[in-house]
Amino acid sequence: MAIEQVEEDGAVYTMEEALTSVGIGKFQYMVLCYAGLGSISEAVETMILSFIGPALRSQWSLSPTQESLMSTVVFLGMLIGALFWGFITDCYGRRKGLLSIALVTAVCATLSIFSPNYNWLLAVRMMVGFGAGGGLVYGSWFLEFVPSQNRGMWMMIYAGFWTIGTILEALLALMIMPRLGWRWLLALSSIPSIAALLLFVLTVESPRYLCAIGRTRDAYDILKKIAVVNKTQLPPGKLVSSEVTEVHEELLSPGKIKVSILKSGFSSLLMLLSPALRRNTLLIWVVYIGHSFSYYGIILLTSLFSSGQCQHSSIALNLNDDQSLYTNVLINNLAEIPGTLLAAIMVDKVGRKFSVALMCGLSFLSLLLLLAPQLPALTTALLFGARTFISGSFVIVDVYCREIYPTSVRSTGIGVANSVGRIGPMISPIVVVQLVRGCHQTAAIVCFEAVLVLSAVSVLLLSVETKGRELIDTHDV
């Protein structure tokens, strides 16, 4: 029997007031754990490309172009997936999207273990990328259970699961690749995605999403469950959505505006390019392309510099055995930890925009120092620094992008931004692998510097700072 909602003297409350009242407790911890599992799955399925490429190049006699194509097709799949899953979850709900994402990723990751040849592996890893492209939905889903005053810190905690995934994958490669080979690495790396599929039964729909589409009764039922689990209380009165009558319009927080509910994926895409959102949408796309290019490019730089192919180069690490390669990549992956911690410190104190611009500048400086002759240890340290700052910056960009869009198009907004952003890592393997294997490391670094400058300028041109601002549910078209 549904729990009846109490109305006291016509009092009403909004979703933000409800989330603030129920607070952060056991329910949010469970949501965080599941969303974090999805983030770990996305991280390991992405990072695995850094380790299986050299092994497959040797086993299947792949050319540099074929090796770089493996990364490119995965990111192509992620590009399509990010766009597709964003539309799906805004049209049909977060929960249905989470199930579909977990199913596609788990099945295709399992199929890739048994790849008989290069073309098969290329096809199934592209489908894994398609599924992993929906990893952004986990973050949006979790965000919608968190009150605004806690949002920055908790999204940084959520981002830590990606860090766990990257370090876990490097540890697995270090232990598995020299002994059991790439198929076993693929098998063990598929465990998080399989676990996300099996644990899906524990998930619930986002009450903020339900409220945004007018299903306030269902949203209230979930909020009541949250209050029971957290041992708190909802405010007295009736829950109202952002689309309320003029009598209650003044009860909404400043900046919240009435609009029509999302009707289709196409209309939500048009909303992203509406006059109210167009500038921020285009700029955030540039920021995503720049950060994706830099982040995955720096990962590739670490692997490629470790190969020692250009012995005369001042920025080669000159590590000739696989064990050294995996160790060096593991050390570089540990840079995600200080990056996430730095982002957590800055995000709510300094603000989103300036934090991103500052960390882009610090990453720029780390790479700039690589242009001078360096000892291998210093090269590793500078790459560690560049990875620290770009990873911390990327974490804040992900939070910021979710905050600038209203709930009705939030998944579409972050999905399209991620999708467009995949252009960066699709290009970076082609550019970086070809330049570094051709002993043109300096040219590769100059490319990164130009992209980092463009990202920093673009984020400063964004029109709104979201630090401390409530999430909006709707927006004028």
Checking the side chain of [X] only, and the main-chain atoms of [Y] only, is there a donor and an acceptor separated by less than 3.5 Å?
{"X": "Arg94", "Y": "Glu205", "result": "no"}
{"X": "Arg279", "Y": "Leu461", "result": "yes"}
{"X": "Arg183", "Y": "Ser115", "result": "yes"}
{"X": "Ser292", "Y": "Ile289", "result": "no"}
{"X": "Trp141", "Y": "Val204", "result": "yes"}
{"X": "Tyr34", "Y": "Ala196", "result": "yes"}
{"X": "Ser39", "Y": "Ala35", "result": "no"}

With sequence neighbours left out, write down each residue that passes side-chain contact (heavy atoms from CB on, under 4.5 Å) with [X], or none if nothing qualifies.
{"X": "Ala195", "result": "Leu37"}
{"X": "Met126", "result": "Val73, Leu76, Ile80"}
{"X": "Asn119", "result": "Asn117"}
{"X": "Ser363", "result": "Ile298, Ala386, Phe389, Ile390, Leu452"}

Just to verify, what does [X] make a ring pair (Phe, Tyr, Trp, His ring centres under 6.0 Å) with, not counting sequence neighbours?
{"X": "Phe200", "answer": "none"}
{"X": "Tyr29", "answer": "Trp154"}
{"X": "Tyr296", "answer": "Phe75"}
{"X": "Phe293", "answer": "Phe448"}

ask   = Hey, is CH2 on Trp60 packed in by over 12 heavy atoms from elsewhere, all under 6.0 Å?
value =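 Yes, enclosed.
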
Are [X] and [Y] close enough that some pair of their side-chain heavy atoms sits under 4.5 Å apart?
{"X": "Ile48", "Y": "Trp182", "result": "no"}
{"X": "Ile396", "Y": "Met359", "result": "yes"}
{"X": "Val459", "Y": "Ile284", "result": "no"}
{"X": "Ile101", "Y": "Tyr138", "result": "yes"}
{"X": "Thr89", "Y": "Ser140", "result": "no"}
{"X": "Ser458", "Y": "Trp285", "result": "no"}
{"X": "Val74", "Y": "Thr46", "result": "no"}
{"X": "Phe364", "Y": "Val453", "result": "yes"}

Can you tell me how far the [atom1] atom of [X] sits from the [atom2] atom of [Y], to the nearest 0.5 Å?
{"X": "Ser193", "Y": "Ile40", "atom1": "OG", "atom2": "CD1", "answer": "11.5 Å"}
{"X": "Ser455", "Y": "Leu283", "atom1": "OG", "atom2": "CG", "answer": "11.0 Å"}
{"X": "Ile88", "Y": "Phe84", "atom1": "CD1", "atom2": "CZ", "answer": "4.0 Å"}
{"X": "Arg352", "Y": "Ser393", "atom1": "CZ", "atom2": "OG", "answer": "13.0 Å"}
{"X": "Glu42", "Y": "Met78", "atom1": "CD", "atom2": "CE", "answer": "4.5 Å"}
{"X": "Cys447", "Y": "Leu367", "atom1": "SG", "atom2": "CG", "answer": "11.5 Å"}

For residues [X] and [Y], report the shortest heavy-atom separation together with the two atoms involved.
{"X": "Pro147", "Y": "Phe145", "answer": "CD-O, 3.9 Å"}
{"X": "Cys211", "Y": "Ala219", "answer": "N-CB, 4.0 Å"}
{"X": "Leu197", "Y": "Ala106", "answer": "CD2-CB, 4.2 Å"}
{"X": "Leu111", "Y": "Trp120", "answer": "O-NE1, 3.5 Å"}
{"X": "Leu462", "Y": "Lys353", "answer": "O-NZ, 2.5 Å"}
{"X": "Val201", "Y": "Arg95", "answer": "O-NH2, 3.9 Å"}

ask   = Taking it one step at a time, do Leu121 and Leu56 satisfy side chain to side chain contact (heavy atoms under 4.5 Å, CB included)?
value = CA-CA 10 Å; Leu121 182 63; Leu56 291 173; 3.3 Å; yes

Donor-acceptor contacts, no H, no angles, side chain residues 127-135, under 3.5 Å, sequence neighbours left out:
none

task = Take Leu223 and Ile226, measure what side chain to side chain contact (heavy atoms under 4.5 Å, CB included) needs, and give me the verdict at the end.
result = CA-CA 5 Å; Leu223 288 169; Ile226 297 174; 4.3 Å; yes

inquiry  = Show, in sequence, the C-alpha distance, side-chain angles and deciding distance for Val457 and Leu454, and conclude whether the side chain to side chain contact (heavy atoms under 4.5 Å, CB included) test is met.
reply    = CA-CA 5 Å; Val457 171; Leu454 180 61; 5.6 Å; no

inquiry  = What verdict does the side chain to side chain contact (heavy atoms under 4.5 Å, CB included) test give for Val229 and Met30, after you've listed the backbone C-alpha separation in whole Å, the side-chain angles of each residue and the deciding distance to 0.1 Å?
reply    = CA-CA 10 Å; Val229 173; Met30 292 187 293; 4.1 Å; yes

Salt bridge (Lys or Arg N to Asp or Glu O under 4.0 Å) partners of residues 334-345, not counting sequence neighbours, each pair once =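 Listed by first then second residue: Glu336-Arg387.
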
request  = Scan for salt bridge (Lys or Arg N to Asp or Glu O under 4.0 Å) pairs involving residues 117-143, sequence neighbours excluded, and state none if there are none.
outcome  =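 The answer is Glu45-Arg125.
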
Show the atom names and distances, to 0.1 Å, of all donor-acceptor pairs under 3.5 Å that link a side chain in residues 155-176 to residues at least two apart or in another chain.
from, atom 1, to, atom 2, distance (Å)
Tyr158, OH, Gly139, N, 3.2
Trp162, NE1, Tyr295, OH, 2.8
Thr163, OG1, Thr340, OG1, 3.1
Thr166, OG1, Thr163, O, 2.8
Glu169, OE1, Ser189, OG, 2.8
Glu169, OE2, Ser189, OG, 3.0

